[in-house]
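One structure is given below, encoded as structure tokens.
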Amino acid sequence: MKRLNLWLTCGCALFALSVQAQKQFQLASPDNKLKSTITIGDKLTYDILCNGQQVLAPSPISARLDNGEVWGDNARLSKASEKNNDAQVEAPFYRASQIRDNYNELTLRFKGDYSVIFRAYNDGIAYRFVNHAKQPFCIVSEEVDYRFPSDVDATVPYVQSGEDGDYNSQFHNSFENVYTTEKISQLNKQRLMFLPLVVQATPEVKVCITETDLNNYPGLYLTNARGTHSLSGVQAPYPQTMKQGGHNNLQMRVEEREGYIAKVDGPRNFPWRVAVVATNDAQLAASNLSYLLAEPSKVADLSWIKPGKVAWEWWNNWNLYGVDFQTGVNNATYKAYIDFASKYGIEYVILDEGWAVNLKADLMQVVDEIDLKELVDYAAERNVGIILWAGYYAFDRDMENVCRHYSEMGVKGFKVDFMDRDDQLMTDFNHRAAAMCAKYHLVLDLHGTHKPAGLNRTYPNVLNCEGVHGMEQLKWRPAGFDQLTYEVMIPFIRQVAGPMDYTQGAMHNATRANYYPSNSEPMSQGTRCHQLALYIILESPLNMLCDSPSNYMREEESTSFIAQIPTVWDETIILDGKMGEYIITARRKGNTWYVGGLNNWTARDIEVDLSFLSAGDRKAVLFKDGVNAHRAARDYKREQITVNAAQPIKIHMAPGGGFTLQID
């Protein structure tokens, strides 16, 4: 096995036995392009160099305990060990069936019963604390600093809720916002920023900051409250008192918080702090670090887990036409959705908010208009599964009884919503919900929650996660709001953390000038082909068809294409892209390739490199923007063409446009 590229920088030729005297280590990525110098002194610090250029200045890390001890400050090293790894990781229900896990690792064991582990991948540097002590204690605070060499641009999502400067009020938020790009020094010092976010560390290098393996520990926010070239960590303190309330009485709102962020009961790992480092934007979109650094699967038998698409009624407001019954939350409406799903081979229908009695926070109370057992049986006869929406508190207060009851009825999963926090109690809830659903063979969509942080690897039945300013926002965002530019940013930022419940698939498409909000007949921004391409570009193992079955059946050609696009893949290649401008992604399932392109509001002519194909001519179906798509966004053209690896194809994308290519 190749020796780890790790050495002491204090004049020692070998890894010394007397490590206490040594204060500095250097860790390099397997390809030697990324390097980090870890320094032990008054503070424990690390930095990052990319191709010899500093992209992160020495940045301190520490954790303050309730007994007064501070991990990382004046640390006393007792042991250092090295490790390298190069293996293939099985990745069910992901962007690839296998992914390479290739890294070099340094573990520093300190007196005081804790360690810090650093890992260097070819596309990033990560670190985590590890506790070895058996006695319980509390972590009062954690020092997480990202210090950049100069005042550079950062692209960040601010927390929208709460009062300026009042972090306690901002900790209750839905983790949904578009991005703001400003110099670090000009970022809003009164607002928290949630992860992931991206810093243009040098003109050539971007750094995407996120975290993963977030289990029973508060999520990380960043702030520039100090006004320097750094971003500093903030975490929600542990809840002291809570009160039922919030949306339809389905939440627990924190009224008071403790003077610490986390309880620790014994030996455990803490989350990985991840800096994805990329010399081009496509490398950001291709990163697998959030998945690779997560805890491996705790579910032995995966045979019952079924990814797929979902016919969804909330976005289109249960709005069918051409039927002989009044639509709404009733069996007749849901049977129409089930019939539609069955016709197109769509795996699931969701019953969103409304099937359970409102304001009761009791999932055992079903409204009179719904006969749930009849719907579940009706769907099963047509090879369609039923997924139930659940408010967080209603699910949590009776979790096992709810999961057992509905699993026995034949329900296939839950979409749990309105968590809207990521303190220690709430991240623990996500893990408990995943484990309980796995116990009863239920898939889980964590809506109304923070960014994914590896839970989809640990519990592969967690098929999707929100934490994104999804297309549902277009039901109420005003004319002039720019959602489409956000759509060509999230593959490089939010999606780095994992899959997203974005809820695409609109058949009513609008140009920038023609868009307006509508609750009952909502529309997308951008062209029809842009909507089709979202099913290839965005990662959603449980993927919604957001529009009305009536609209889909009117648009047979588009619907048939959407319905057969896979939701999990054997291979993914990011062919090209520039954050905020465009992206081109190729994904393979079996022997079939799908290529998708998304564009911002600027018309663009592109060449699609097909060199990833095997030799020889292959048949393909191309959906591209129509010649009038810049005026009528629904305009598109479907063509059957022949392609081969030696010949790139040229495609024009309209403003807000896109394309899809299916290669058999």
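Worth knowing before you read on, the calculation uses all heavy atoms, side chains too, and leaves out hydrogens, waters and symmetry mates.
You'll find the side chain of Q504 stays beyond 4.5 Å of the side chain of S524, heavy atoms only. Side-chain contact check for P271 versus E211: some heavy-atom pair is nearer than 4.5 Å. Using a 4.5 Å heavy-atom threshold, the side chains of T559 and M553 count as separate. Within the 4.5 Å cutoff, the side chain of Q190 has no heavy atoms near those of the E163 side chain. Between I338 and L375 the shortest side-chain heavy-atom distance falls below 4.5 Å. Side chains of Y348 and K306 form a contact here, defined as non-hydrogen atoms less than 4.5 Å apart. Contact check for L292 versus I99: side-chain heavy atoms found under the 4.5 Å cut-off. You'll find the side chain of K263 reaches within 4.5 Å of the side chain of Q424, heavy atoms only.
In this structure, a donor-acceptor pair under 3.5 Å is absent between the side chains of E472 and Y502. Inspection of the Y393 and N249 side chains reveals no N or O donor paired with an N or O acceptor under 3.5 Å. K309 and N543 share no donor-acceptor pair across their side chains, judged by distance under 3.5 Å alone. No donor-acceptor contact under 3.5 angstrom links the side chains of D547 and W315, judged on distance only. Side-chain polar atoms of E353 and N248 form a donor-acceptor pair below 3.5 angstrom. Between the side chains of N216 and T427, no donor-acceptor pair is found at a separation under 3.5 Å. D420 and Q251 share a side-chain donor-acceptor pair at under 3.5 Å. A donor-acceptor pair shorter than 3.5 Å cannot be found between the side chains of Q483 and Q473.
For the pair D377 and K373, the salt-bridge criterion is met [side-chain N within less than 4.0 Å of a carboxylate O]. Ion pair R432/D428 flagged as a salt bridge, since at least one NZ, NE, NH1 or NH2 atom sits closer than 4.0 Å to an Asp/Glu carboxylate oxygen. Ion pairing of R257 with D423 is present here, as a side-chain N (NZ or NE/NH1/NH2) and a carboxylate O approach within less than 4.0 Å. Taking 4.0 Å as the cut-off between side-chain N and carboxylate O, E466 and K451 do not count as a salt-bridged pair. The pair E400-K439 counts as a salt bridge, with a side-chain nitrogen and a carboxylate oxygen less than 4.0 angstrom apart.
Under the rule for a side-chain hydrogen bond (donor to acceptor under 3.5 Å, both in side chains), the partners of D482 that lie at least two apart in sequence or sit in another chain are T485, W601. Residues passing the salt bridge (Lys or Arg N to Asp or Glu O under 4.0 Å) test with K589, sequence neighbours excluded: none. Contacts of Y167 classified as ring-ring contact (aromatic ring centres under 6.0 Å, His included), with partners at least two apart in sequence or in another chain: none. Partners of F418 according to the ring-ring contact (aromatic ring centres under 6.0 Å, His included) rule, which considers only residues two or more places apart in sequence or in another chain, are H247.
Interatomic distance, CG of N464 versus CE of M544, reported as 7.0 Å (0.5 Å rounding). One finds the CG atom of D166 at 10.5 Å from the OG atom of S161 (value rounded to the nearest 0.5 Å). Remark: I493 CD1 to L195 CG distance equals 11.5 Å, nearest 0.5 Å. One distance of note links OH of Y158 with OG1 of T223; it measures 9.0 Å at 0.5 Å rounding. Note: I350 CD1 to I387 CD1 = 5.5 Å, rounded to the nearest 0.5 Å.
With a 6.0 Å radius and a threshold of 12 heavy atoms from other residues, nucleotides or ligands, N519 has its CG atom above the threshold. Remark: F325 CZ is packed, more than 12 non-hydrogen atoms of other residues, nucleotides or ligands lying under 6.0 Å away.
Checked options R421, R253, M426, M252; the residue passing with P239 is R421 (criterion: side chain to side chain contact (heavy atoms under 4.5 Å, CB included)). No option in R273, R128, R64 other than R273 meets the salt bridge (Lys or Arg N to Asp or Glu O under 4.0 Å) test with E142.
The two residues S548 and L320 come nearest to each other via the heavy atoms OG-CD2, 3.8 Å. When every heavy atom of N319 is checked against every heavy atom of T327, the shortest pair comes out as CA-OG1, 4.4 Å. For the residue pair V299 and N461, the shortest heavy atom distance occurs at CG2-OD1, 4.3 Å. Across all non-hydrogen atoms, the minimal contact from D371 to E374 is OD1-N, 3.1 Å.
Note: F340 and Y552 have parallel aromatic rings, judged against thresholds of 30 and 60 degrees for the angle between ring planes.
Aromatic pair Y221/F194: centroids not less than 6.0 angstrom apart.
Residue pairs meeting the ring pair (Phe, Tyr, Trp, His ring centres under 6.0 Å) criterion with at least one partner in residues 435-462, sequence neighbours excluded, are W304-H441. Sorted by first and then second residue, the ring pair (Phe, Tyr, Trp, His ring centres under 6.0 Å) pairs involving residues 352-390 (not counting sequence neighbours) are W355-Y406.
Remark: K475 is positioned above the aromatic ring of W314, its terminal NZ or CZ atom under 6.0 angstrom from the ring centre and at most 45 degrees off the axis.
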